[in-house]
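Below: the structure, in structure tokens.
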Amino acid sequence: MVNSHHLIAFCLMSLMLSAVPGPSVLFVVGRALAHGRGTALASVLGNALGGYVLVMAVALGVGEVVARSVLLFDLIKLVGAAYLVFLGAKALRASWRNRGVPTAPLAPSAGGGLEGSVRAGFVVGVTNPKSVVFLTAVLPQFVDREAGHVGVQMLLLGLAGALLQLLSDGIWGLTASTARDWLSRSPRRTALIGGTGGLAMIGLGAAVAVTGRAD
């Protein structure tokens, strides 16, 4: 159903975009530094699921509504930005609380557990209106309209992109969490690394809040 050449081209574009550090990568790295490998990978999964919900929205035509509505775009953007700041503040508080703990691991509850981390990643992924605008503009270009079933083609293309994002962000998360484990030789450094991850998420939230639409 999906044109194989279009699929390959879309996958290559998705892979290149996923490999470049952007909001998704910065979020995952921040979670890895603040909470470690498990939280980072669970956040990657949630983020990819949230991103695929945006693909479904575009396939159903909802994406165009968000892309055209400045009010809706800004509302979703601010919700996502506020949530990122909230997650960063939680990580900062956890790093401060653990700065004198001899064993130095950050409290698992600080990351919300694996289920909470998937949920956190999902919220961040689904509240990224710029992804909706991007998908609305780009995804239809890879659809073979003569083959019909345009919506289904978009869903399949989006699924391929989501799987590649899952792979790419997972590598970033593993790399950052490995660096965290290597650097965490003392409670002070562990708290510092966790605080860095929290600050990264707060900074990302602030950047998302002040960035406008591409148009």
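Since we're looking at a predicted model, the values are computed, not measured. Count residues from 1 along the sequence.
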**OP:** Give a yes or no on whether Val126 and Leu72 share a hydrophobic cluster (residues Ile, Leu, Val, Met, Phe, Trp, Tyr; joining criterion: side-chain heavy atoms under 4.5 Å apart).
**Re:** yes
Original post:
Out of curiosity, Thr136 OG1 to Met154 CE, how far, rounded to the nearest 0.5 Å?
Top reply: 8.5 Å
Distance-only criterion, 3.5 Å: show the donor-acceptor pairs between side-chain atoms of residues 44-62 and protein atoms not counting sequence neighbours.
residue : atom : partner : partner atom : Å
Asn47   : OD1  : Ser24   : OG           : 2.9
Asn47   : OD1  : Gln165  : NE2          : 2.9
Tyr52   : OH   : Leu155  : O            : 2.9

**OP:** Can you measure from OG1 (Thr39) to CG (Leu114) and round to the nearest 0.5 angstrom?
**Re:** 6.5 Å
Original post:
Do Arg37 side-chain atoms and Ser177 backbone N/O form a donor-acceptor pair below 3.5 Å?
Top reply: no
Original post:
So which heavy atom on Ala160 is nearest to which on Leu7, and how close?
Top reply: CB-CD1, 4.0 Å
Original post:
For Phe142, which residues count as a ring-ring contact (aromatic ring centres under 6.0 Å, His included) partner, sequence neighbours excluded?
Top reply: Phe10
Subject >> Stepwise side chain to side chain donor-acceptor pair (under 3.5 Å) test for Arg31 and Ser43 >> reply: CA-CA 8 Å; Arg31 294 285 281 177; Ser43 299; 3.1 Å; yes
Original post:
Side-chain heavy atoms under 4.5 angstrom apart, residues restricted to Ile, Leu, Val, Met, Phe, Trp, Tyr: same cluster for Leu75 and Leu78?
Top reply: no
Original post:
Do the side chains of Leu156 and Val150 join up, straight or via other hydrophobic residues, at under 4.5 Å, putting them in one cluster?
Top reply: yes
**OP:** Working to the nearest 0.5 Å, report the span between CH2 of Trp172 and CZ of Phe27.
**Re:** 16.0 Å
**OP:** Quick one: pull up CG in Leu87 and NZ in Lys90 and give me the separation to the nearest 0.5 Å.
**Re:** 7.0 Å
**OP:** Give, for atom CD of Gln153 and atom CG of Leu139, the distance between the pair rounded to the nearest 0.5 Å.
**Re:** 9.5 Å
Original post:
What do the steps show when you test Thr127 against Tyr83 for side chain to side chain contact (heavy atoms under 4.5 Å, CB included), and what is the final call?
Top reply: CA-CA 9 Å; Thr127 54; Tyr83 191 64; 5.7 Å; no
Subject >> Rounded distance (nearest 0.5 Å) linking atom CG of Leu84 with atom CE of Met201 >> reply: 8.0 Å
Subject >> Cluster check Leu157, Val152: I/L/V/M/F/W/Y, side chain < 4.5 angstrom >> reply: yes
**OP:** Report yes or no: do Leu174 and Leu163 belong to one cluster of Ile/Leu/Val/Met/Phe/Trp/Tyr joined by side chain heavy-atom distances under 4.5 Å?
**Re:** no
Subject >> Close side-chain approach of Val133 to Phe73, heavy-atom, < 4.5 Å >> reply: yes
